[in-house]
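Notes follow the structure.
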Amino acid sequence: MLRVKNNHELFAAVETLTHSVPLRGERLAIITNGGGPAIMAVDTLLERGGKMAKLDAELIDKLNSILPSSWSNRNPIDLVGDADHTRYVMALNAVMNSDCADAILIMHSPSAVAHSELTAQAIVEAIKSHPRHKRFNILTNWSGELTAKPARNIFTQAGIPTYRTPESAVVAFMHLVEYRRNQKQLMETPTTAEQIHSTELTKAKDWIDIKLQGDELVTLDTHQIGYFLRCFNFDVLPTWIASDASEAVHIAEEIGYPVAVKLRSPDIAHKSDVQGVMLNLRNSAEVASASQAIIDRTKLSYPSANIHGLLVQGMAKLAGGEEIRIKVKTDDTFGPIILIGQGGSEWDESIDAASALPPLNMTLARYLIVRAIKGGKIRPQKLPDPMNIEGLSEFLVRISQMVVSCPQMHELDIHPVLANGGKFTIIDADLTLRKYEGHAHERLAIRPYPVEFEEQVVLKDGDVALLRPILPEDEPNHADFINNVSKEDLYKRFFSDVGEFNHEALANLTQIDYDREMAFVAVINEDGEDKIIGVSRALITPDNSDAEFAILIRSDLKGKGLGKVLMSKIIGYCKAKGTKQLSGMTMPNNRGMLTLAQKLGFKLDIQFEDGTADMVLPLND
C-alpha cells in the first residue's frame, strides 16, 4: 500500500490517510504567506515526482482582484508577508471555486500581522462552509513550535491534516499520491502470459525427484540444470564440463571458437575472486593457457577449495546485450521472493535488487522491472537493440510459474541472463533443491491461481462448460457477461439499479484474494471464443465462520441446470475449506433462487416487510 522510510514518515502517513478523503487527482495548489517555505515545499514535491497545479486565466483574474499587486501571480500563491486571515480565506475560496487543483496545501509562517490561531480558525470555518470542500484534499503547514501548536490543534480537532514543516506536509501529500497510484496499479487488468505445458511440467517435476532421490539438499550448477530450465522454455547457453586444460581444448575444438572457460568450484562464491572466467578465447593455445591459469590461480589462492573442473561455453553475443541478475530465494517469513538487479560480483541483494512476491502476472512483472529501473537497480544501456521490457516481464512470469509449480526450489541464482532486445539467454545459473512436504501453495505469501479446482461439467442440454476460479484477465469477458444479464436479474443480485460497470468495479470482481474469497465462472465456447455464462462467489469471514455467497447467470441461458452446478461448486469448496456455514440474501420474489436453495438444503427466512429472504446452509460443526 505505502512504503515509508522512517518512523517520522510512518506517523505522517497515518495522519494523512486517517484524515483525508480519497484523492481525486494529483495537482497540488499551495497558498502561503512566505515565499521561502513555499519554494522548499515545491522542491520536495518535484523531487518525489509530484505535480504542481497550473492556475488558469480565470483564477488568476480572481486572485488579482482580491490580492495585493505584489502577489506571486502563479502557484505557489504567495499572499505576501502581511496577509491576514481575511486574505487567506478569500484566496482559499477562490481556489475551491476553481477546477485547477485536486489538493490544497495551506502554509503559514509566524507573522506579527496574521494571528496564528485566528487564521487557523477562519480557515477551518471557510472549509466547512464551502459547498465544494469535499472535492479537495486539504493539508496545512503551520511552521513554528509554541506559537503554532494551538493552531495545529485547531486543525487536528477539525479533522484536517496538519504538519510542522513544509517538507513533511508535501511528503504527506505524496503519500496520498503514491497510495492512489499503487491502488490504480493493483487494479490494472493483467495480460496473460503463455502457460507452461503440462507435459513439460511433468518432465521438470520428474527431474527434481531424480535429483533429490535420497538427498535432503542438492546444489546444482549451469551444466546440470539446463534440462530443467528448458522445460520452462528458457534459452540456456549450452555448457560442457572439462576435467582439465587438455579436455577443455578438445571441447572447444568440437563446439567452435570463440569460447569461454570458467572455473567450476562449489567453494568459491565469486569466480572473479580468482579471475575464474576467461572470455573470447579464439584458438587452442589460448584455451589451454587460460584453463591452466584458472586452475593454478585457484590452487594458489584457495588451496583447500574443491575444484570440479572447468565449464566450457560457446561465446554468447555479448556486444549490444544487457546483463541482468535474477534470483529466487526462500525467506523464513514470506516464502519465495523474486529479486532482480544489474548484478556483478559485488552484488548486495539488500541494496542492489528490487523484490516481488510470486505469483507474478505480466502487469506485476512489468511494475517490478519499472521499479528496479527507477530505483537504479537496473541501469538500461543505450543499445541499438534495447532490452525489451515486455520480454523480460514474460521471463519473470515464467520464473514465477516455476516457483509456484516446484516447491522443492529453495534457491535459484541466474547470473546473468543476457538480454539482446527481446531475446534472453541464461549464461550462468545455480539451483538449490530441498525436499518439501505439504501443499505447494502453503509456502507462498500470496495464494496463486488454484488450478486444482478446474473441472469440465455437462449441462442439461449436453453443452460442456469449464468450471474454474475467476482470473484477473477475465475482466473484459466478465464485462461482456454482465451486458448479457437483464436489468431485473442484476437488481435481484445487487439490490439496486446498476448502470455500466466501470474498470474499478470489474477489477474488484475479477481480482480476488483466493485465500479469503472465491469466485467460480462457467465458461463455454461460442463461435470460437470463450464466454462466461455464470458466476458463483463466496466472501469468507476471517475466522472462517461464515461465507456470504452470490450467484449470477446469463439471462438467456437459464434452464440449463447451471445454477445448481455453480451452487454445488461453491458449497463443495466452502465445505472442504472448513467454513461453518454458507449464507446469502435475495428478494422474496426471486422464486428460482429460493427453490434452488431449498433443494440444496438451505434454511429460508423470508421477510416480506423488509423485502428480503435470508438463506443459510450449515456446513461444518
Side-chain angles (χ1 to χ4, degrees), residues 20-21 23-46 50-144 148 151 154-155 158 160-163 165-167 169-170 172-174 176-177:
S20 295
V21 297
L23 193 65
R24 290 172 177 263
E26 299 182 6
R27 301 168 301 167
L28 178 66
I30 299 175
I31 299 173
T32 181
N33 67 344
I39 290 171
M40 294 164 70
V42 172
D43 286 346
T44 304
L45 182 75
L46 298 180
K51 298 177 183 176
M52 290 290 290
K54 188 174 182 180
L55 311 185
D56 62 21
E58 186 179 347
L59 177 55
I60 290 175
D61 288 345
K62 178 62 180 175
L63 292 171
N64 279 332
S65 69
I66 60 177
L67 298 180
S69 58
S70 56
W71 82 280
S72 59
N73 271 273
R74 57 186 171 82
N75 187 21
I77 301 167
D78 188 351
L79 308 179
V80 192
D82 63 349
D84 59 7
H85 68 278
T86 305
R87 196 181 296 172
Y88 264 99
V89 169
M90 288 193 299
L92 177 59
N93 283 329
V95 174
M96 286 196 289
N97 288 332
S98 165
D99 288 318
C100 292
D102 305 300
I104 306 168
L105 170 59
I106 307 165
M107 300 175 61
H108 181 273
S109 298
S111 167
V113 178
H115 188 272
S116 179
E117 291 174 63
L118 179 62
T119 305
Q121 192 61 52
I123 286 173
V124 168
E125 291 169 4
I127 292 169
K128 288 186 175 180
S129 61
H130 198 286
R132 301 179 81 231
H133 75 272
K134 288 188 177 178
R135 293 179 60 87
F136 301 93
N137 290 83
I138 298 176
L139 304 91
T140 61
N141 157 228
W142 250 238
S143 294
I154 290 171
F155 288 120
I160 298 170
T162 186
Y163 306 90
T165 66
E167 294 89 346
V170 170
F173 169 68
M174 287 308 297
L176 292 175
V177 171

Would you check if Asp43 and Glu167 make a side-chain contact, meaning some heavy-atom pair closer than 4.5 Å? no
If only atom types and distance count, is the side chain of Asp78 paired as donor or acceptor with the main-chain N or O of Ser72 below 3.5 Å? no
Does any N or O in the side chain of Arg27 come within less than 3.5 Å of the main-chain N or O of Cys100, such that one atom is a donor and the other an acceptor? yes
Could you check whether any side-chain N or O of Asn141 sits under 3.5 Å from a backbone N or O of Tyr163, counting only pairs where one atom can act as donor and the other as acceptor? yes
How long is the straight-line distance from CG of Asn73 back to CG of Asn64, given to the nearest 0.5 Å? 5.0 Å
Can you find a heavy atom in the side chain of Arg87 that is under 4.5 Å from one in the side chain of Val80? yes
Residue pair Phe173 / Leu23, side-chain heavy-atom distance below 4.5 Å: yes
Check against side-chain contact (heavy atoms from CB on, under 4.5 Å), Met174 and Leu45: CA-CA 7 Å; Met174 287 308 297; Leu45 182 75; 3.8 Å; yes
When rounded to the nearest 0.5 angstrom, what distance separates CD1 in Ile138 from CD1 in Ile104? 5.0 Å
Distance in Å, Asp84 CG paired with Thr119 OG1, rounded so as to fall on 0.5 Å steps: 7.5 Å
Side chain to side chain, His108 and Ile123, heavy atoms closer than 4.5 Å: no
How many angstroms lie between CG in Leu46 and CE in Met52, if you round to the nearest 0.5 Å? 7.0 Å
So, does Thr140 use its side chain to make a donor-acceptor pair with the main chain of Met107 at under 3.5 Å? no
Taking the inter-plane angle between the rings of Tyr88 and Trp142 on a 0 to 90° scale, is it parallel (under 30°), tilted (30 to 60°) or perpendicular (over 60°)? tilted
Interatomic distance, Ile106 atom CD1 to Ile30 atom CD1 [nearest 0.5 angstrom]: 11.5 Å
For Gly34 and Pro37, work out which heavy atoms get closest and say how close. O-CD, 3.5 Å
Using side-chain contact (heavy atoms from CB on, under 4.5 Å), reason through Trp71 and Ile60 one step at a time and then give a plain yes or no. CA-CA 10 Å; Trp71 82 280; Ile60 290 175; 4.2 Å; yes
Kindly give the heavy-atom pair with the smallest separation between Leu139 and Ala172, and that separation in Å. CD2-CB, 4.2 Å
Would you indicate whether the side-chain heavy atoms of His115 and His85 approach each other to under 4.5 Å? no
Taking it one step at a time, do Lys128 and His133 satisfy side-chain contact (heavy atoms from CB on, under 4.5 Å)? CA-CA 7 Å; Lys128 288 186 175 180; His133 75 272; 5.5 Å; no
Would a distance-only check, ignoring hydrogens and angles, find a side-chain to backbone donor-acceptor pair under 3.5 Å from Ser98 to Ala94? no
At their closest point, which heavy atom of Val170 faces which heavy atom of Ala41, and how far apart are they? CG2-O, 3.4 Å
Test side-chain contact (heavy atoms from CB on, under 4.5 Å) applied to His130 and Asn97, step by step: CA-CA 9 Å; His130 198 286; Asn97 288 332; 2.7 Å; yes
Minimal heavy-atom distance between Asn33 and Ala83, with the atoms involved, is CB-CB, 4.4 Å
Hits for side chain to side chain donor-acceptor pair (under 3.5 Å) against Asp99, two or more places apart or cross-chain, chain-then-number order -> Arg132
Would you say Pro166 and Ser143 make side-chain contact, with heavy atoms under 4.5 Å? yes
Is it true that a side-chain atom of Asn75 and a backbone atom of Leu55 form a donor plus acceptor pair closer than 3.5 Å? no
I need the Leu28 CG to Leu105 CG distance, nearest 0.5 Å. 5.5 Å
Any idea which heavy atoms bring Pro76 and Thr32 closest together, and the distance? CB-CG2, 4.5 Å
Of the non-hydrogen atoms in Val124 and Ala158, which two are nearest, and what is the gap between them? CG1-CB, 3.6 Å
